[in-house]
Amino acid sequence: MTLDLEQQIKLAMQQVAELGDCQLVEPIEASTLLLESGLDSLGYAMLVAQLEEDLGFDPFTELAIDTYPSTFSEFVAIYQQCASQQ
């Protein structure tokens, strides 16, 4: 069974939260604000690095993104957009 992209991102968020000793809000939903999810800016840097290792791409370097996503669904959409171009 392969995980879909949203599940992979949630799993990576849990792994990064454990490494950074952070507490994620539960559940992470589409409308969850990233700034209120439990990860700090270092956590998100670690998350993007972890996802690049897991997925083989970093949409923040490959796409021309004007603004950083503010919700979980926007974050996932950026990864889906980049994945569709791989």
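By convention here, the first residue in the shown sequence is residue 1.
- You'll find the side chain of Q15 reaches within 4.5 Å of the side chain of L11, heavy atoms only.
- Contact check for L51 versus D58: no side-chain heavy atoms found under the 4.5 Å cut-off.
- With a 4.5 Å cut-off on side-chain heavy atoms, M13 and S37 count as touching.
- Counting heavy atoms from C-beta outward, S31 and T71 have side chains that stay 4.5 Å or more apart.
- Counting only heavy atoms from C-beta outward, the side chains of Q50 and D54 approach each other to under 4.5 Å.
- Checked against side chain to side chain donor-acceptor pair (under 3.5 Å), Y79 has no partners two or more places apart in sequence or in another chain.
- Between the CZ atom in F75 and the CD1 atom in I78 there is a gap of 7.5 Å [rounded to 0.5 Å].
- In terms of hydrophobic clustering, with Ile, Leu, Val, Met, Phe, Trp and Tyr side chains grouped at heavy-atom distances under 4.5 Å, L33 and L42 are assigned to different clusters.
- In this structure, Q86 contributes its side chain and A83 its backbone to no donor-acceptor pair below 3.5 Å.
- Contact of the F72 side chain with the I9 side chain is registered, since non-hydrogen atoms from C-beta on lie closer than 4.5 Å.
- Transitive grouping of hydrophobic side chains (ILVMFWY, heavy atoms separated by less than 4.5 Å) brings V25 and L19 into a common cluster.
- Side-chain contact check for E74 and S70: at least one donor-acceptor pair (N or O, by modelled atom type) lies under 3.5 Å.
- S73 OG to I28 CD1: the interatomic distance, rounded to the nearest 0.5 Å, is 12.0 Å.
- Pairs engaging residues 6-31 under the salt bridge (Lys or Arg N to Asp or Glu O under 4.0 Å) rule: E6-K10 [sequence neighbours left out].
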Inset, instruction - Go through the steps for L35 and D40 under the test side chain to side chain contact (heavy atoms under 4.5 Å, CB included), then give the verdict. - result: CA-CA 7 Å; L35 293 175; D40 58 14; over 6 Å; no
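- For Q23, there are no side chain to side chain donor-acceptor pair (under 3.5 Å) partners at least two apart in sequence or on another chain.
- Considering only heavy atoms from C-beta on, L24 comes within 4.5 Å of L39 through its side chain.
- Both I65 and L47 are assigned to one and the same hydrophobic cluster, defined by single-linkage of ILVMFWY side chains at heavy-atom distances under 4.5 Å.
- Here the side chain of Y44 pairs a donor or acceptor atom with the backbone of L34 at under 3.5 angstrom.
- The structure places SG of C82 at 10.0 Å from CD of E52, a figure rounded to the nearest 0.5 Å.
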Inset, instruction - Apply the test side chain to side chain donor-acceptor pair (under 3.5 Å) to residues Q80 and S84: give CA-CA distance (whole Å), side-chain angles for both, the deciding distance (0.1 Å), then the verdict. - result: CA-CA 6 Å; Q80 289 171 332; S84 69; over 6 Å; no
